[in-house]
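Just follow the structure's listing: the first ligand is 1, and inside any ligand the first atom is 1. Residues take their numbers from the sequence shown, with the count starting at 1. Every heavy atom of this structure was used, including side-chain atoms; hydrogens, water molecules and symmetry mates were not.
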Amino acid sequence: MQFKVISIFPDMFQAFQQDGVCARAIKNKVADITVMNPRAYAQNRYQSIDDRPFGGGPGMVMMYEPLQKAIVDAKKTLTKDAKVVYLSPQGKPLTQETAKRLSKEDALILLCGRYEGVDERLIERYVDEEISIGDYVLSGGELPAMVLMDSIVRLLPGVLNDENSAVEDSFYDGLLDCPHYTRPQMLDDGDAVPQVLLSGDHKKIEAWRHKQKLERTYLRRKDLIECLCLSDSDKKIIDKIKHDLDDENK
Ligand code: 9D3
């Protein structure tokens, strides 16, 4: 999969391309990232890429022309037409479904905004999709672009080993993960790993982990529970958690 990233801070993408899952994907030719700096397409002698907003107000707006030229150039270097994704606080929130859907594209052009955002006419003419990574204020679209690429790249065939991707598939059940433990079995102050995990009884361990997932999801993210179709046995577990909580509050 080819990513053309349009950003005035190309250096921010260095570490991302050098380390971790994405670096491996690039090395294995599963993914390829090119960062294009709109400043290279700036026209006037100051190489401006931003200007003051019409109508007044604080901050600056990224100009239409340098971004337009960068997008056209990005499209030229790609064999098939590619979707343009604008990372923006006004976008639809990124979800695992979005990542899955976009992982089926051959190429994506990711537009990173800075300042107050980009000239609306560019969005109307060139942007296919606007994506946000959540309801908090960042300084620009670079980190969101990396978040999006990370979520996509790990879904591409051949990036995670078979074991991990099988785990990934079966475990993306919409629930939060269970707690994990490793050696030592007991910390110096006597804090021990839950006994069931040392029992060697895999059925029992599986059931314990599943109950932990349901419990944590119910306690921390009720919104996720409400989105799920739970089995009758899971509903019973949740009811028991509710019941136990009521008891604690008595
Ligand atoms: C403080 C400026 N805000 C005025 C109401 C608007 C604003 C403009 C530009 C807020 C943030 C940004 C820069 N953010 C992004 O480009 C961005 C972002 C984000 O801030 N949060 C979550 N997802 C994203 S995707 C791109």
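Looking only at side-chain heavy atoms (C-beta outward), Lys213 and Asp177 come within less than 4.5 Å of each other.
Here the heavy atom of the protein found nearest to atom 11 (C) of ligand 1 is Leu138 O, 3.4 Å. What sits closest to atom 1 (C) of ligand 1 on the protein, heavy atoms only, is Val137 CG1, 4.2 Å. Counting protein heavy atoms only, atom 3 (N) of ligand 1 is closest to Glu116 OE1, 4.0 Å.
Arg24 places a side-chain N or O within 3.5 Å of a backbone atom of Val159 that can act as its donor or acceptor partner. Listed for the Arg39 side chain is a donor-acceptor partner under 3.5 Å among the backbone atoms of Gln47. Within the 3.5 Å criterion, the main-chain N or O of Arg121 finds a donor-acceptor partner in the side chain of Asp119. The main-chain N or O of Ala82 is found under 3.5 Å from a side-chain atom of Lys75 such that the two form a donor-acceptor pair. In terms of modelled atom types and a separation under 3.5 Å, the side chain of Thr217 and the main chain of Ile225 share no donor-acceptor contact. One N or O on the side chain of Tyr136 and one on the backbone of Ile133 form a donor-acceptor pair closer than 3.5 Å.
Distances below 4.0 Å separate heavy atoms of Tyr115 from the following atoms of ligand 1: 8 (C), 9 (C). In the vicinity of Leu87, heavy-atom distances shorter than 4.0 Å reach the ligand 1 atoms 25 (S), 26 (C). Every atom of ligand 1 is numbered from 1 in the order shown, and the set under 4.0 Å from a heavy atom of Ser88 is 25 (S), 26 (C). The contact set between ligand 1 and Pro144, taken as ligand atoms under 4.0 Å from a residue heavy atom, comprises 24 (C), 25 (S), 26 (C). Those atoms of ligand 1 with a heavy atom of Gly141 less than 4.0 angstrom away are 16 (O), 26 (C). Applying the 4.0 Å criterion to heavy atoms of Gly140 picks out, from ligand 1, the atoms 13 (C), 14 (N), 15 (C), 16 (O), 17 (C).
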Determine, step by step, whether Asp201 and Lys203 satisfy the salt bridge (charged side-chain N to carboxylate O under 4.0 Å, His left out) criterion, reporting the C-alpha distance in whole Å, the side-chain angles of both residues, the deciding distance to 0.1 Å, and the verdict.
-> CA-CA 6 Å; Asp201 184 339; Lys203 276 252 154 57; over 6 Å; no
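Put simply, atom 5 (C) of ligand 1 has no protein non-hydrogen atoms near it, under 4.0 Å away.
Distances between N or O atoms of Tyr136 and those of ligand 1 include at least one value under 3.5 Å. For ligand 1, the polar-atom distance check finds no N/O of Ile131 at less than 3.5 Å from any of the ligand's N/O atoms. Below 3.5 Å of separation, one finds an N or O of Ile133 facing an N or O of ligand 1.
Between Ser139, Gly134, Pro58, Pro89, it is Gly134 that holds the heavy atom closest to atom 22 (C) of ligand 1.
Hydrophobic cluster membership is shared by Met146 and Val153, with clusters built from Ile, Leu, Val, Met, Phe, Trp and Tyr side chains linked at under 4.5 angstrom.
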